[in-house]
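Naming: A, B, ... by sequence-line order, numbering from 1 per chain.
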Amino acid sequence: MEMDIGKASGPKEPNPVLVILVGAPGSGKSTFCEEVMRNSTRPWVRVCQDTIGNGKAGTKAQCLGSADRALKDGKSVFIDRCNLDREQRSEFVKLGSGSQTDVHAIVLDLPAKLCISRSVKRSGHEGNLQGGKAASVVNTMLRKKELPKLCEGFNRITFCQSENDVKEAVNAYSALGPLDNLPHGCFGQKPDTKIQVGIMKFLKKAEVPIDAASLNNGIIESTSQTRGKIDSCFKDKEKVSSIPDNANLESKEVEDNAVGSAGSNAIQVSLEDSPTLAFPSISTSDFQFNHEKAADIIVDKVAEFSNKIGNGRLVLVDLSHKSKILSLVKAKAAERNIDTQKFFTHVGDITHLYSTGGLRCNVIANAANWRLKPGGGGVNAAIFNAAGSELEYATKEKAKSLSPGNAVVVPLSLSSPLFTREGVTHVIHVLGPNMNPQRPNFLNNDYNKGCKILREAYAALFEGFASIVRTQAEQPRVRNENLGKQSMELEDQSQWSGNHFTNTDQKTKRDADHRSEKSKKYKGTQDDFGLTFMDSRDEKLDSEHRRPDGSMNKAWGSWAQALHQLAMHPEKHKDDLLEISEDIVVLNDAYPKAQKHVLVLLQTRGLDCLADVQNEHLRLLKKMHDVGLKWAKKFLHENASLVFRLGYHSVPSMRQLHLHVISQDFESKHLKNKKHWNSFNTAFFRDSVDVMDEISNHGKATLKDDDKLLSMELRCHRCRSAHPNIPRLKSHISSCKAPFPAYLLENGRLVNAVSEPQNNV
DNA sequence: GTTCTAGAAC
DNA sequence: GTTCTAGAAC
């Protein structure tokens with residue numbers, strides 16, 4: 001009979017599991033073990049510190065020894081002691097790290113009241129905790145408790161917060177036959193009040209009762225029941241229900257709130273929030289690379305990179321508990337004492353790590369094919385499927401193909417299901433060596449070459465991840481310093497670290513809409529994570545959208561087209577124009593920022609801003625300047641007290657090259673904000689005379705396009721005094737009679753009635 | 001580019 | 001309470 005065959009082969013591969021119970025006295029640890037052992041078909045040993053010394057309390061060392069022997073015997077082990085802090089647990093976790101043993105935690109996180117009353121009631125219990133002492137012991141322990149996290153080295157953590165949860169866990173472990181495994185990940189934890197506060201703050205709803213409920217860590221449990229609750233909570237409030245990472249959203253809040261009551265938990269929260277790369281074993285599946293050799297290389301490369309990835313974590317993932325590569329790597333990593341916080345293995349589907357395993361990974365690696373095409377099978381097909389067509393798109397933007405030993409980092413779109421459901425922000429495609437004659441680039445068992453390529457592949461993969469970690473670590477700083485632009489692009493691609501999420505979620509849709517435009521806009525300057533890319537898509541780009549220096553033209557929003565339309569069809573807008581000549585039209589600025597403010601607009605197609613201007617356009621610049629000057633003089637004729645300045649914005653908001661001719665009174669109800677002021681009164685404003693000089697001397701204009709300029713403090717353009725806000729500034733400039741700075745008086749940058757007294761009659 | 005408005009700053 | 005800014009939306 002088949003059943004018999006199954007049983008006969010069973011004992012050959014015992015699959016022990018080390019279960020570390022975590023709970024206060026009276027939480028029911030011993031009862032849990034007893035119930036499971038009563039019903040289980042697998043051999044269990046319960047290691048209890050209270051009885052290990054011949055029925056009396058023993059030492060931790062005795063427990064470790066006893067557990068180790070039992071595991072080596074192929075038995076599964078319960079560690080029945082409180083294990084409430086991480087340090088206590090760590091040595092027990094290590095027992096399981098060198099073998100195929102799964103290490104589980106069962107957290108009996110029941111109400112303190114219940115634990116106390118049980119402790120008081122019991123008389124013959126091994127722990128012998130009785131009477132009034134019980135309450136204070138339990139309370140002290142619970143105050144110090146640190147809930148376990150996957151990064152401590154656990155494969156699975158089950159949280160029980162009610163007696164019902166305990167019952168379910170007992171059933172799950174009782175039913176665990178000698179050959180069975182339980183899924184990896186975090187299970188059963190409910191979001192607590194603190195996290196709710198975070199969510200509510202995130203949703204900008206202030207009325208949250210802050211009550212000191214029991215403190216939990218940052219993992220939101222991933223059973224369907226509670227996930228549903230969280231999701232519906234989001235749905236009710238805003239359209240962000242699909243983002244699972246709600247604990248992460250406000251990790252900063254959780255930390256802040258936790259200070260004082262349980263600082264240690266706060267630290268754990270941030271650990272679990274670490275950037276994490278989940279990667280499949282490269283080349284060992286379809287490419288048939290030797291597992292033993294691959295495992296060595298993985299562990300080598302992990303060790304090499306573990307200190308290059310900041311607080312990042314690496315997780316080797318495989319689908320099956322029986323995975324040979326997983327157990328090989330796990331054993332080798334333990335041998336080399338690799339920090340289990342930095343690197344661990346996980347059994348699960350790499351496309352569902354958060355939703356079914358509670359494991360948050362912001363980056364996942366794909367064992368890609370050289371064409372970077374979806375399909376095939378295995379991880380590649382799964383990831384392309386899970387990510388949606390957008391990954392294919394985004395991948396094509398980065399590279400056309402990949403040669404063995406290389407990797408390419410692809411940011412995921414915010415609308416990709418992998419992002420919305422799993423919190424994955426980047427996929428790194430990596431191609432390893434192939435030992436399968438049926439596949440391209442067959443190495444014909446040349447393991448010299450093969451190992452070299454596999455090393456390169458992991459190096460490229462981890463370096464890609466390290467770049468993401470570095471970029472994210474820099475982000476808050478970049479933002480704060482207002483360095484603007486570049487960080488914006490990165491922001492919408494890589495949301496991982498806690499409170500960043502908050503900002504981006506709210507503009508998710510918007511960013512998604514403008515994403516393609518943005519990537520074009522910053523194409524020239526963006527760091528591609530320093531990896532080897534096979535083919536850039538750059539060659540394919542329409543050359544007419546490129547600048548002489550190779551950078552991309554900026555993308556113009558619909559509202560930015562008005563001047564362009566006007567320049568293309570001036571006859572349609574005759575009523576709005578002051579002048580139409582051969583290459584130029586002149587018009588009043590629709591929102592003048594001063595008493596007199598006109599635009600000299602070039603009609604030439606293809607010149608949208610200063611960056612487009614080259615030597616050959618000098619004639620046109622001069623013409624624009626002359627026309628501008630003519631209008632300035634005309635206005636001076638009407639009002640000799642005015643002073644004019646002619647110039648361009650380094651980065652205009654409206655398409656089609658236009659020269660501002662603006663009186664220096666800045667007396668206008670349309671001048672409303674810092675940007676308005678600074679765009680005319682910092683280096684962002686490029687004087688026409690200087691632009692013409694630069695074009696004739698260097699063939700291009702110097703752009704002062706740093707966003708910092710537009711958010712600079714407000715200073716009077718005459719006396720340079722600083723002012724706290726626009727109204728105060730405007731009030732000052734309305735009466736400031738100081739002479740203009742010397743710089744503006746030079747080289748004809750300012751145009752006034754005195755400088756041209758007689759010519760205009 | 002502007003308008004609108006939440007919420008920060010006062 | 002009012003003023004002002006900055007970010008979203010267009």
Side-chain angles (χ1 to χ4, degrees), chain A residues 200-208 237-240 253 414 476 478-485 487-489 491-492 495 499-515 517-518 521 554-568 573 576 585 587-594 597-602 608-610 647-662 666 668-681 684-685 705 707-715 722-733:
Chain A
M200 295 311 276
K201 279 195 178 176
F202 162 67
L203 295 169
K204 297 184 175 161
K205 305 285 187 241
E207 64 286 2
V208 183
K237 306 295 180 189
E238 278 182 21
K239 287 181 273 175
V240 289
E253 299 292 345
L414 295 174
V478 171
R479 257 174 84 87
N480 292 343
E481 286 174 5
N482 246 329
L483 289 177
K485 284 193 184 173
S487 70
M488 279 170 61
E489 167 70 354
E491 248 182 71
D492 72 5
Q495 328 307 326
N499 29 6
H500 258 330
F501 244 108
T502 315
N503 297 323
T504 14
D505 287 337
Q506 291 162 351
K507 54 176 187 181
T508 293
K509 186 178 173 298
R510 195 177 138 93
D511 275 0
D513 290 346
H514 293 294
R515 152 173 231 85
E517 294 176 357
K518 272 194 188 167
K521 186 167 170 184
K554 91 180 220 176
W556 303 95
S558 56
W559 44 261
Q561 305 285 353
L563 289 180
H564 175 70
Q565 287 308 318
L566 200 143
M568 294 303 113
H573 304 86
D576 302 324
V585 294
L587 65 148
N588 274 314
D589 191 296
Y591 299 90
K593 302 300 185 295
H597 183 184
V598 300
L599 302 178
V600 178
L601 179 65
L602 193 67
D608 288 335
C609 55
L610 270 191
Y648 301 86
H649 283 156
S650 285
V651 183
S653 296
M654 305 288 270
R655 179 181 178 189
Q656 198 70 25
L657 190 66
H658 54 279
L659 172 72
H660 290 270
V661 178
I662 185 166
F666 296 107
S668 163
K669 61 174 184 180
H670 297 294
L671 199 160
K672 292 173 175 171
N673 59 45
K674 211 173 228 190
K675 188 176 171 181
H676 290 155
W677 177 257
N678 284 333
S679 70
F680 290 102
N681 291 288
F684 185 88
F685 188 83
D705 56 354
D707 277 357
K708 255 197 278 188
L709 288 169
L710 295 178
S711 52
M712 268 170 52
E713 61 184 351
L714 299 166
R715 280 189 181 275
H723 299 269
N725 53 47
I726 287 289
R728 298 270 285 274
L729 173 78
K730 287 177 87 169
S731 148
H732 166 82
I733 57 171

Could you work out, with side chain to side chain donor-acceptor pair (under 3.5 Å) as the rule, every residue matching A/Q561, not counting sequence neighbours? A/R655
Rounded to whole angstrom units, what separation is found between the NZ atom of A/K674 and the P atom of B/dA9? 12 Å
Partners of A/H670 by ring-ring contact (aromatic ring centres under 6.0 Å, His included), sequence neighbours excluded? A/Y591
Sequence neighbours excluded, which residues qualify as ring-ring contact (aromatic ring centres under 6.0 Å, His included) partners of A/H732? A/H723
Using the side chain to side chain donor-acceptor pair (under 3.5 Å) criterion, which residues pair with A/S668? Sequence neighbours excluded. none
Donor-acceptor pair, A/H597 side chain versus A/V661 backbone, under 3.5 Å? no
Which part of the nucleic acid does A/L563 contact within heavy-atom distance under 4.0 Å: base, sugar-phosphate only, or nothing? nothing
Return the value, rounded to whole Å, for the distance between atom CZ of A/R728 and atom C1' of B/dC10. 10 Å
In whole angstroms, the gap separating C1' of C/dC10 from CD of A/Q561 amounts to 14 Å
Test of understanding: with ring-ring contact (aromatic ring centres under 6.0 Å, His included), list the residues that count as partners of A/F685, not counting sequence neighbours. A/F680
Could you run down the sub-3.5 Å N/O contacts of the protein with nucleotides 1-5 of chain B?
unit_1: B/dG1; atom_1: OP1; unit_2: A/S653; atom_2: N; d: 2.4
unit_1: B/dG1; atom_1: OP1; unit_2: A/S653; atom_2: OG; d: 2.6
unit_1: B/dG1; atom_1: O5'; unit_2: A/S653; atom_2: OG; d: 3.2
unit_1: B/dT2; atom_1: OP1; unit_2: A/K593; atom_2: NZ; d: 2.8
unit_1: B/dT2; atom_1: OP2; unit_2: A/H676; atom_2: NE2; d: 2.7
unit_1: B/dT3; atom_1: OP2; unit_2: A/K672; atom_2: NZ; d: 2.9

